[in-house]
There are 2 protein chains.
Amino acid sequence: MLELRLVQGSLLKKVLDAIKDLVTDANFDCSSTGFSLQAMDSSHVALVALLLRSDGFEHFRCDRSVSVGMNLNNMAKMLKCASNDDIITIKSDDGGDAVTFMFESPNQDKISDFEMKLMDIDSEHLGIPEAEYHAIVKMPSSEFATICKDLSTIGDTVMISVTKEGVRFSTKGDIGSANIVCRQNTSVDKPEEATIIEMQEPVSLTFALRYLNSFTKATPLSSSVTISLSSELPVVVEYKIADMGYLRFYLAPKIEDEGDES
Amino acid sequence: MLELRLVQGSLLKKVLDAIKDLVTDANFDCSSTGFSLQAMDSSHVALVALLLRSDGFEHFRCDRSVSVGMNLNNMAKMLKCASNDDIITIKSDDGGDAVTFMFESPNQDKISDFEMKLMDIDSEHLGIPEAEYHAIVKMPSSEFATICKDLSTIGDTVMISVTKEGVRFSTKGDIGSANIVCRQNTSVDKPEEATIIEMQEPVSLTFALRYLNSFTKATPLSSSVTISLSSELPVVVEYKIADMGYLRFYLAPKIEDEGDES
DNA sequence: AAAAAGTCTG
DNA sequence: CAGACTTTTT
């Protein structure tokens with residue numbers, strides 16, 4: 001028996017909007033710790049990791065650890081039927097082949113329940129090693145989204161270079177090239193507007209903008225984003241989910257001086 | 001001679017936006033009582049009935065009862081040329097083959113007139129019998145629109161069931177099923193936000209969501225909608241037009257246990 | 001890909 | 001209030 005009650009239902013809606021274009025089907029893993037998901041994108045290039053800790057739910061009942069496979073597009077469709085101020089409850093019977101999403105309006109006048117068939121999904125559960133990162137950049141998520149969108153009008157890849165001066169995003173394409181440099185800046189009104197660069201050593205890596213632009217679908221989840229970089233390692237783009245956990249995206253860098261294999 | 005002067009011209013614009021997708025050509029019937037229309041939709045499944053009483057017009061002259069046939073898409077096009085705060089006057093000479101729409105800006109700075117050719121339209125004028133309804137649900141029109149839209153992402157038809165507990169909208173489709181229950185609720189700030197259920201006996205009927213979604217195009221006309229249900233009878237979905245009349249839609253229920261013939 | 005809805009700005 | 005634009009939906 002599974003019964004998870006989330007007062008801020010809009011969080012779950014935003015999570016699904018953020019990942020449904022990247023991953024079509026995935027297993028949600030539920031244990032007493034929380035509700036989590038780990039899945040490769042359909043082209044097996046990027047990895048998505050979601051964690052919603054149990055203490056972020058108003059009510060969290062999970063009798064035994066289970067893995068429930070869902071089609072994320074269908075799940076997103078159903079969640080779209082919840083209002084942003086609805087309370088969402090996820091229910092599933094052990095051994096059952098369906099999950100129920102219940103939406104309660106704040107004043108309890110309208111109660112909806114949507115039932116969805118579960119799927120059997122093979123998933124290689126990859127252990128993601130905790131790594132030391134050469135550089136960690138924290139910046140406003142909307143600014144990161146704008147940079148990725150702007151640069152993709154010029155080129156297909158972005159080189160992210162972190163130095164003491166700041167973080168540089170550069171691209172090159174048929175029509176020209178572009179560089180956007182963001183300096184560290186902590187003297188802002190609100191902490192979420194800050195740009196903070198923690199650098200152990202300079203690092204410079206190149207990524208496909210197509211994937212980064214997918215990741216920025218998570219922008220509504222958090223006003224800031226953290227980008228962790230180490231040479232040879234996949235970048236981690238993390239959106240914190242207030243009081244509950246995170247949505248992280250992993251993407252391997254392109255090897256320099258190599259053409260696009262797409 | 002026909003001359004109808006409507007100060008709140010935006011009402012007529014909204015009426016045409018609401019029905020032009022359902023009905024292509026129709027006769028408007030004008031008598032000393034008012035301005036009305038009754039027409040089947042192009043697939044002859046739904047019926048539209050409009051009434052604008054003469055006393056809602058600033059000036060209402062109709063020497064003898066006439067029926068003027070118009071192409072509603074063309075009429076809507078012309079009305080779109082009126083500003084929302086314009087005064088609209090409809091004029092037509094007896095025996096003439098055209099109608100004139102005159103738009104006056106509130107400060108009289110701009111006066112437009114648009115002339116449109118009339119059409120000869122055969123119309124079976126159906127007498128709609130006043131019926132007793134087993135259940136009458138009044139609810140916010142925007143909520144009804146949202147429910148119909150949400151459910152149509154899951155299925156093609158909706159079963160509307162009224163019990164003492166409230167009104168239930170249910171559907172079933174390939175990806176799952178859904179139920180939305182709205183309870184009676186009169187303790188709201190504004191009367192138009194109330195949900196009121198008058199039930200003589202429980203009733204449960206199934207309708208094609210495609211048509212209900214067309215009906216909800218009338219949502220801008222009124223903040224609440226009234227849904228009248230009786231077994232075996234067409235549902236009536238009514239949007240009151242303040243101080244003037246109503247726009248009603250009639251739709252026959254689907255016979256239960258029958259597959260979609262679409 | 002086209003249409004419709006919503007949002008924003010002038 | 002309207003036009004344009006963006007965003008979403010079919």
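The chains referred to below are lettered A, B, ... by the order of the sequence lines, with proteins before strands, and numbering in each begins at 1. Any value given below was found using the heavy atoms of this structure, including those in side chains, with hydrogens, waters and symmetry copies removed.
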With a sphere of 6.0 Å drawn around CG of B/Asp243, does it hold more than 12 non-hydrogen atoms of other residues, nucleotides or ligands?
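No, because the 6.0 Å sphere around CG of B/Asp243 holds 12 heavy atoms or fewer from other groups.
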Ring center gap for A/Phe103 and A/Phe114 short of 6.0 angstrom
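Between A/Phe103 and A/Phe114, the centre distance is under 6.0 Å.
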Can you confirm if the aromatic rings of A/Phe35 and A/Phe28 lie within a centre distance of less than 6.0 Å?
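Close enough - the centres of the two rings lie under 6.0 Å apart.
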Remember a base hit wins even if backbone is also touched, and classify A/Lys77 as base, sugar-phosphate or nothing at under 4.0 Å, heavy atoms.
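No contact at all - A/Lys77 keeps every heavy atom at 4.0 Å or more from the nucleic acid.
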Expressed as a whole number of angstroms, how long is the span from [X]:[atom1] to [N]:[atom2]?
X        : N      : atom1 : atom2 : result
A/Lys20  : D/dT8  : NZ    : P     : 9 Å
B/Lys80  : D/dG3  : NZ    : C1'   : 14 Å
B/Ile87  : D/dC1  : CD1   : P     : 13 Å
B/Asp150 : D/dT10 : CG    : P     : 11 Å
B/Lys217 : C/dG6  : NZ    : P     : 10 Å
B/Asp85  : D/dA2  : CG    : P     : 6 Å
B/Asn213 : C/dA3  : CG    : P     : 20 Å
A/Asn73  : D/dT9  : CG    : P     : 12 Å

If you pin A/Lys149 and B/Ala82 to their nearest nucleotides in DNA chain D, which one's is more 5'?
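So the residue in question is B/Ala82.
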Using atom types as modelled and distance alone, determine if a side-chain donor or acceptor of B/Thr226 lies under 3.5 Å from a backbone N or O of B/Lys138.
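The answer is no, because no donor-acceptor pair under 3.5 Å joins these two groups.
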